[in-house]
Amino acid sequence: MYRFLFTQLLSRLDPEDAHHLTVGALRLLSAAPVVKKAVHRRLAPRDPALRVQAFGVHFPGPFGLAAGFDKDAGCVEAMSALGFGHVEVGTITAHAQPGNARPRLFRLIRERAIINRMGFNNAGAAAAARALGRTRGVPAVVGVNIGKTKVVPEAEAAADYVASARELAPLADYLVVNVSSPNTPGLRNLQAVELLRPLLAVVKEVADGTPKRTPLLVKIAPDLADEDVDAVADLALELGLDGIIATNTTIGREGVSSTETGGLSGRPLKARSLAVLRRLRARVGDRLTLVSVGGVEDVDDVWERLLAGATLVQGYTGLIYHGPLWAYRVHRGLARRMRRHGVSDLREIVGRTAG
């Protein structure tokens with residue numbers, strides 16, 4: 001049914017218009033108590049074997065929605081009801097901003113990919129805090145992904161991240177510092193350890209100071225050189241971060257014909273994202289929680305990422321091509337595979353194939 005809808009309708013719409021149409025429908029679902037509870041009962045992961053704990057947070061399943069879809073935290077309940085084990089909202093900036101000029105979102109249907117140069121379009125941290133502060137009708141694990149406001153100079157980036165963290169960390173199950181989007185000028189420069197160390201240190205002070213101590217993770221780019229991946233991993237251990245999310249979108253264009261600028265996500269990112277995960281696992285072992293994202297399409301990909309050392313796995317582009325039952329099907333398939341392999345606890349397989 002979804003494939004027909006995508007082929008006959010959604011694929012013919014401007015990609016961003018289709019996204020807004022989808023988000024609008026999901027907001028309606030979030031606002032309909034009876035319907036969302038019924039959907040949650042049917043689609044949310046319930047198999048005890050799928051439950052996982054990471055940085056002190058309990059997740060009903062390991063597969064979650066990556067940042068970029070729900071930019072303003074308006075669809076948290078709907079996405080949880082549809083079967084995602086967690087929902088990462090954002091990227092959210094301290095100040096509202098419109099993002100880059102349209103067109104800024106492009107489908108690569110043959111490659112099962114998208115290119116975006118959205119530029120952190122969002123309503124700002126205060127608006128997101130209001131949305132996150134509302135009472136929820138269904139349970140949801142929520143990560144909050146924060147980034148730098150475009151007009152803020154690099155020298156003032158730390159203060160800008162701190163402003164967002166103060167608003168949002170108390171409302172988040174975990175907080176993510178995003179220094180890896182290719183669509184905010186100069187942002188990726190902050191991945192350099194000499195700039196990243198003071199930024200993460202001050203955000204961590206805020207996260208540590210919340211009533212329940214909010215876990216803090218950093219999200220990195222797939223385009224980092226291997227030695228830079230190692231350096232960020234070492235820094236995360238040094239500062240006592242809770243985890244690393246790998247990876248964001250890529251500026252590379254290997255395997256695709258499009259020359260549009262922006263961040264590429266989806267199937268072409270699969271190999272590099274997996275390689276970065278394996279390198280991180282070899283560097284940090286189980287001392288940090290690793291969250292793998294990039295090119296995840298189905299239960300085979302999720303299984304492979306878990307074996308390679310990820311405790312949690314995320315996806316976004318696959319939602320566009322596989323539809324609203326995607327997370328439900330992934331979790332259902334994962335539970336079946338665990339039973340087939342005699343696995344009753346996800347901890348038994350995390351990192352099993354890591355070198």
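Treat the numbers as computed from the prediction; the structure is a model and nothing was measured.
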Is any side-chain N of the basic residue among [X] and [Y] closer than 4.0 Å to the acidic one's carboxylate O?
| X | Y | value |
| --- | --- | --- |
| Arg337 | Asp300 | yes |
| Glu167 | Arg130 | no |
| Asp242 | Arg213 | yes |
| Arg267 | Glu297 | yes |
| Asp17 | Arg102 | yes |

- Just do the side chain to side chain donor-acceptor pair (under 3.5 Å) check on Tyr321 and Arg3 with the steps written out, would you? CA-CA 8 Å; Tyr321 294 110; Arg3 183 174 299 177; over 6 Å; no
Heavy-atom count check: over 12 atoms from other residues, nucleotides or ligands less than 6.0 Å from [X] [atom1]?
| X | atom1 | answer |
| --- | --- | --- |
| Glu254 | CD | no |
| Arg347 | CZ | no |
| Arg332 | CZ | yes |

- Task: Give the C-alpha distance, both sets of side-chain angles, the deciding distance and a yes or no for side chain to side chain donor-acceptor pair (under 3.5 Å) between Thr317 and Ser265.
- Result: CA-CA 7 Å; Thr317 303; Ser265 63; 2.7 Å; yes
Evaluate the ring planes of [X] and [Y], with Trp represented by its six-membered ring, and classify them as parallel (under 30°), tilted (30 to 60°) or perpendicular (over 60°).
| X | Y | value |
| --- | --- | --- |
| His322 | Trp326 | parallel |
| Tyr316 | His19 | tilted |
| Phe84 | Phe63 | tilted |

- Item | Heavy-atom closest pair, residues Pro45 and Gly61 | CG-N, 4.2 Å
- Pick one: which of Arg136, Lys36, Arg27 meets side-chain hydrogen bond (donor to acceptor under 3.5 Å, both in side chains) with Glu77? Lys36
Can any side-chain N or O of [X] pair as donor or acceptor with the backbone N or O of [Y] at less than 3.5 Å?
| X | Y | value |
| --- | --- | --- |
| Asn178 | Ile146 | no |
| Glu156 | Pro153 | no |
| Ser11 | Phe6 | yes |
| Ser164 | Ala125 | no |

- Applying ring-ring contact (aromatic ring centres under 6.0 Å, His included), which residue pairs with at least one partner in residues 276-305 are found, sequence neighbours left out? Trp303-His341
